[in-house]
Number of protein chains: 2
Amino acid sequence: MNIKIAIADDQKLFRKGITALIKSFEHMQVVFEAENGLELLALCESSANKPDIILLDLSMPEMNGLDALKLLKEKYPLIRVIILSSHEVESFILATIQAGANGYLAKNAEPEEVEQAIREVYKNDFYFTLPMLEIMRKGLVKKANIIKLDDQDNLTNREKEVLSLICKQMNSNEIADKLFLSNRTVEGHRNNLLLKTKSRNTAGLVLYALKHKLFDLDTLSN
Amino acid sequence: MNIKIAIADDQKLFRKGITALIKSFEHMQVVFEAENGLELLALCESSANKPDIILLDLSMPEMNGLDALKLLKEKYPLIRVIILSSHEVESFILATIQAGANGYLAKNAEPEEVEQAIREVYKNDFYFTLPMLEIMRKGLVKKANIIKLDDQDNLTNREKEVLSLICKQMNSNEIADKLFLSNRTVEGHRNNLLLKTKSRNTAGLVLYALKHKLFDLDTLSN
DNA sequence: ACACAACCAGGTATTTTTACCTAGTTGCTG
DNA sequence: CAGCAACTAGGTAAAAATACCTGGTTGTGT
């Protein structure tokens, strides 16, 4: 049985080249080409011949690759997507993985690697080169280490207490009631919090609290 | 030049077996063995002959592998660590990667794979098998998918735009400037956001945005 | 053509937050 | 004991957010 492939790239010549290349591989066929994200989605919608794997360029007009990827994965979770990359930044690459990309292929890769990538993704849902894996690993590690650096958070217990109540969407009066304080006192704490955390307002305080893991998103009902 | 290796495992026989195995590989030597995490750290401390790579069992008495790994990476960030795993759960595996593990090796792996893993880690800082990579990928993706369930968030694009700026600690006037709107309009959006998200104030909006992954903590500077 | 949702923008009034002050009490430490 | 940090609490004023209104425009779908 053939592996059905679709290609989305804004450069016609590139599309045609890849198509020709894929034709030279055994048991593969290109079912359609798209020149931007919108067209890709439309073709996936209309085509009776759904692709198994899509080769997706990230930088396209109309709708870029990342947005297209997200929508694709939402509507057709079974379709595997291999990202065609020129020279993207790490955060963008991570975003595509988080959006569900199944593989990554540099645009200057060898033809053999294209074939290998497609077959691996078809078999294992998965193909990444070593540098990519290194980036992924960094991405995994990063989250745990965002803070840790400036961690001496200086906040006193009372301040942390007030901050936690702020994060529960209480205003100063309510907090004062709860802690048996004057609202002026609470305002004082609040002010110190703004200074110490270098925040501009309540939004900043909430972000600070979450970033520094003073407590967890899940514990705050909404 | 030889690759210097240390082994930490609580089973003596296993240690000796691996040591023997490694002796059979070219340009490798075992510099010491430890039977638990504490001993491993002590030996790293005292030994003049620091290992390049440590083969580390996760389940050990006294101090388990994960804790040992964390301390190791803190003190000796240059030492690479390959985890020896029997049958750990995913979350534990991810924890080791976040703690800086450079590779993962199943205890029932083929001898050739041990050699390959060591050489790859020595060369690339990095060796993971396909199933491991799959787990890593899931780990990366998971975070992005916590919500999604109740996702019909009703928020219009404009509202999301305003919300994102609120989360960047902007006030209504600043948002109005940025979006070329009247501040009254922004206030209108803001009000709708409060209603739709059932929030009481800015803190609630930020929490909502984060909970529903409208964007990521990391992307919001603080 | 009509309904409807999204978007925009104004008014008025109240509440809350922010900014910038002062100052007393408590408890710990050199 | 002196010094300091944490906690408390007050005043005044300006800025921002909230509550509750109104009404217009635009685009989409029926």
Nearest-Å distance for atom pair [atom1]/[atom2], residues [X] and [N]:
X	N	atom1	atom2	value
B:N191	C:dA9	CG	C1'	14 Å
A:L179	D:dA9	CG	P	11 Å
B:N192	C:dC7	CG	C1'	10 Å
A:F180	D:dC7	CZ	P	18 Å
B:K196	C:dA5	NZ	P	10 Å
B:K160	C:dA6	NZ	P	11 Å
A:E187	D:dT12	CD	P	14 Å
B:N183	C:dG11	CG	C1'	12 Å

Are any of [X]'s side-chain N or O atoms less than 4.0 Å away from OP1 or OP2 of [N]?
X	N	value
A:S172	C:dT17	yes
A:S182	D:dG10	yes
A:N171	C:dT16	yes
B:R184	C:dC8	no
B:T185	C:dC8	no

Carboxylate-amine/guanidinium proximity below 4.0 Å for [X] and [Y]:
X	Y	result
B:R190	B:E159	no
A:D52	A:R80	no
B:E174	A:R200	yes

Which is true for A:N201 with a 4.0 Å heavy-atom rule: it touches a base, it touches only sugar-phosphate, or it touches nothing?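 Sugar-phosphate contact only.
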Candidates [options] - which lies nearest the side chain of [X]:
X	options	value
B:R158	C:dC7, C:dT18, C:dT16	C:dC7
A:H189	D:dA16, D:dT8, D:dA17	D:dT8
A:L194	C:dA9, C:dA19, D:dA17	C:dA19
A:N157	C:dT18, D:dC7, D:dA16	D:dC7

Assess the side chains of B:N191 and B:K196: does a donor N or O sit below 3.5 Å from an acceptor N or O?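 Not at all, the side chains of B:N191 and B:K196 share no donor-acceptor pair under 3.5 Å.
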How do A:N173 and A:L195 order along DNA chain C: which one's closest nucleotide is nearer the 5' end?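 Its nearest nucleotide being more 5', the pick is A:N173.
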Parallel under 30°, tilted from 30 to 60°, perpendicular over 60°: which one fits the rings of A:F126 and A:F128?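 The arrangement is perpendicular - the two ring planes meet at more than 60°.
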